[in-house]
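Computation of the quantities below employed the complete heavy-atom set of this structure, encompassing side-chain atoms and omitting hydrogens, waters and symmetry-equivalent molecules. The sequence lines fix the lettering, A, B, ..., with proteins before strands; numbering per chain opens at 1.
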Amino acid sequence: MRAERFLSILIIISQKGLVTGRALAEHFEVSLRTIYRDIEKISEAGVPIAATGGKGGGYYIMENYTLNNLFLNKKEIEPLIAVMDNLKFLFGNNPQFNDIVLKFETLRNTEKKECDNLSIDMSHFSMEKELREYLFLMNKAIEENRILEFEYINRKMEYLKRVVEPIQIEFTDGHWYIIAFCTIRKDYRKFKLVRVRNMKLGGVFKKNLISKEEIKKIFSESYEKNSILVTLKFSSEIGGQLSEYFSKEKITLLENGTYIVEDFFPEDEGLKKFILGFGNDCEVIGPDKLRKKMVEYIKNIYSKYND
DNA sequence: GTCTAGTAAGGCAGCAAGGC
DNA sequence: GCCTTGCTGCCTTACTAGAC
């Protein structure tokens, strides 16, 4: 704890140039006396920290002394800083996270030129404010083993109450999820954050010792169990777009210029909408039951426009 | 379980230096 | 001179680890 504070004090002084002992004491929530002792120990360790008294005074690191990037090289720092930039936007109200960001910003000062060629955006345009608030609550709940209560919007636009024991925050396919044990469904579930409303922190729960790998396996098995092998035929016009949705080995180019794609999909409403998203350029070849479902689905749409 | 030593931290008092 | 800030010494408290 103390060694960690020493390093943070050094980084803060290095980052800000001049910092008062009082400011450091407030930041670390310790007494001024403790900060003086810390500064003394840091100086004894050979770091040239100097001080000026009076108004406008404080601690500073003497010229020509820089903090080395001990563990990371330039190429490793670049993607980390891009990610930290994003996470700062999302977790900015977490004091512990802000300390980490400060450390990375210190690295940025020495690596600035190398950080400009990578940009990552993990925000969501429709619920920026809620996203930040929910991520903060989720993070806190996981750290303190606390229940999360929220309303979850299902496909029928019904608001269903959920009480969950959170395990992990995940960012996949451009969306944030909370992986948790649902105390209502008595099962592990993945909740899409854009469907969550009115999230609140609840009481403390006893942490289940299930590993992240086991949970991953549960979701993977569930996905496979609910998935079917689908064969799709695409027109030559849409060929270029297929690589956005499918891996190379799943796409076969036929002699007539059309494409065949074979892949596993979860068998739900989303699949039909996904296929229809390609419009007239996609045809279901198999399985037959999906082809029949598509026919019914399209008939329903047609009837809406044929009054 | 109890005692002891070490460590970390807080509080207080007094002093020095610098800026306004 | 007053205010702000740093510096130091002394005492106390709380916690932890090790010895018995």
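- We find that A/Lys161 and A/Glu149 are joined by a salt bridge, their nearest charged nitrogen and carboxylate oxygen being less than 4.0 Å apart.
- Neither OP1 nor OP2 of C/dC7 sits under 4.0 Å from any side-chain N or O of A/Tyr36.
- Taking atom CD1 of A/Ile35 as the reference point, atom C1' of B/dG10 lies 12 Å away to the nearest angstrom.
- The residue from A/Phe150, A/Tyr177, A/Tyr134 that alone fulfils the ring-ring contact (aromatic ring centres under 6.0 Å, His included) condition with A/Phe191 is A/Phe150.
- At distances below 3.5 Å, not a single donor-acceptor pair connects side-chain atoms of A/Arg189 with backbone N or O atoms of A/Lys186.
- Computed from coordinates, the A/Ile39 CD1 to C/dT5 C1' distance equals 13 Å when rounded to whole Å.
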